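Small disclaimer: the values here were computed from a predicted structure and weren't measured. Residues: numbered from 1 along the sequence shown.
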Amino acid sequence: MEPTSVTSTQSTTPAPQPNSTSDTINSDFDTFLRMLTAQIENQDPLNPIESSDFAVQLATFSGVEQQVQTNELLESLVGSMALGGVAEIAGWVGLDGRAEVPARFDGAPIELFPKIPLEADQATLIVRDPSGGEVQRRAIDPASASLTWAGDDNAGATVPEGFYSFEIEAFQAGEPIGVSVPETWGRIAEVRDEATGPVAVFADGTQTAASDVTGLRAEASPV
């Protein structure tokens, strides 16, 4: 009679994975202790391992454990600091922020705050519509600390409501010396935590670093 061959199928359950770095450390430390115990049990009685060697191994593993835990703590602190930065500016949502952003024209004049080089003897304001098309170009006083755009084009007609952006070209002796964006007031719709730090998101979608918002006011313009 030929022998009967029996094949059995055994299901295996995957070993649970550590849930955190701390769990991994604990698991590794247990493994290290078992290996150390086996090393002691199987050492050569005629040439035993020096106790100082065991102490060095324990100290080395302990140092690695402490370093990993320190890194986890630092990551936690960095995360808390980032959330704290957003929490500090959370109250900006719904306010007007003053920054280099487009402004919404709703029929009322828009106040602009230019930054023109002191050496400039001429300056030109350029207004662009949401598509980037030029709406108006006019000369302004280069010494102006603030100016107003009434919402008109080069022909003097009132432009449609919407978001408009602004540029200022500066000149000295007829030669261009730079282009800048004047600050305006815009509605802050959202605040976020980005890799570079907290940012304010304006109603038109423009994002700017919170540190670049130079003013806040409660009289929010209509959106």
Side-chain angles (χ1 to χ4, degrees), residues 73-118 120 123-138 140-170 178-223:
L73 177 60
L74 288 174
E75 290 177 1
S76 176
L77 288 175
V78 169
S80 298
M81 291 173 64
L83 291 175
V86 173
E88 289 179 1
I89 65 173
W92 294 11
V93 176
L95 300 179
D96 271 1
R98 178 171 150 176
E100 297 177 1
V101 295
R104 190 188 195 295
F105 175 67
D106 60 357
I110 293 176
E111 188 176 13
L112 307 174
F113 304 90
K115 294 176 288 185
I116 303 174
L118 295 176
T124 300
L125 171 67
I126 303 172
V127 183
R128 300 186 185 279
D129 61 23
S131 65
E134 186 175 306
V135 170
Q136 187 186 77
R137 178 185 291 262
R138 64 181 172 90
I140 59 174
D141 183 355
S144 299
S146 66
L147 56 100
T148 300
W149 177 58
D152 52 346
D153 59 18
N154 287 323
T158 300
V159 300
E161 293 188 8
F163 288 97
Y164 291 82
S165 57
F166 308 89
E167 294 178 356
I168 293 179
E169 293 180 346
V179 178
S180 61
V181 177
E183 293 182 341
T184 62
W185 292 101
R187 173 73 64 84
I188 296 176
E190 183 183 354
V191 294
R192 296 178 185 168
D193 176 40
E194 301 290 352
T196 54
V199 300
V201 183
F202 287 77
D204 72 313
T206 301
Q207 297 185 32
T208 186
S211 57
D212 292 335
V213 177
T214 62
L216 294 170
R217 69 181 185 185
E219 301 88 348
S221 59
V223 177

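Not one N or O on the side chain of Glu111 forms a donor-acceptor pair closer than 3.5 Å with the backbone of Trp185. For Asn154 (side chain) and Gly156 (main-chain N/O), no donor-acceptor pair under 3.5 Å exists by modelled atom type.
Here Asp141 contributes atom CG and Ile116 contributes atom CD1; the two are 7.5 Å apart, rounded to the nearest 0.5 Å. In this structure, CG on Leu112 lies 10.5 Å from OG on Ser144, to the nearest 0.5 angstrom. Annotation: the span from Phe202 atom CZ to Glu100 atom CD amounts to 10.5 Å, rounded to 0.5 Å. In this structure, CD on Gln207 lies 7.5 Å from CD on Glu190, to the nearest 0.5 angstrom. Remark: Glu169 CD to Leu125 CG distance equals 10.0 Å, nearest 0.5 Å.
Of all non-hydrogen atoms in Ala103 and Phe166, the two that sit nearest each other are CB-CE1, 4.1 Å. Residues Pro114 and Ala145 share a closest heavy-atom pair of CD-O, 3.5 Å. Shown here for Val135 and Asp152, the closest heavy-atom pair between the two residues is CG1-O, 4.1 Å. Among all heavy-atom pairs drawn from Arg217 and Leu95, the shortest one is O-CB, 3.6 Å. Nearest heavy atom pair, residue Ile89 against residue Ala210, reads CD1-CB, 4.0 Å. The shortest non-hydrogen separation linking Pro102 to Asp204 is CG-OD2, 3.2 Å.
Proximity of Arg98 to Asp96: side-chain heavy atoms (C-beta onward) are nowhere separated by under 4.5 Å. Looking only at side-chain heavy atoms (C-beta outward), Phe113 and Thr184 stay at 4.5 Å or farther from each other.
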Verdict with supporting geometry, Phe163 and Val101, side chain to side chain contact (heavy atoms under 4.5 Å, CB included): CA-CA 10 Å; Phe163 288 97; Val101 295; over 6 Å; no
Verdict with supporting geometry, Val159 and Trp149, side chain to side chain contact (heavy atoms under 4.5 Å, CB included): CA-CA 11 Å; Val159 300; Trp149 177 58; 3.6 Å; yes
Side chain to side chain contact (heavy atoms under 4.5 Å, CB included) assessment of Ile168 paired with Ile140: CA-CA 9 Å; Ile168 293 179; Ile140 59 174; 4.0 Å; yes
Working for side chain to side chain contact (heavy atoms under 4.5 Å, CB included), residues Thr124 and Arg137: CA-CA 7 Å; Thr124 300; Arg137 178 185 291 262; 3.4 Å; yes
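Checked against side chain to side chain contact (heavy atoms under 4.5 Å, CB included), Asp212 has the following partners two or more places apart in sequence or in another chain: Thr208, Ala209.
If you check the side chains of Glu183 and Thr214, you find a donor sitting under 3.5 Å from an acceptor.
For the pair Arg104 and Tyr164, the cation-pi criterion (under 6.0 Å, within 45° of the ring axis) is not fulfilled.
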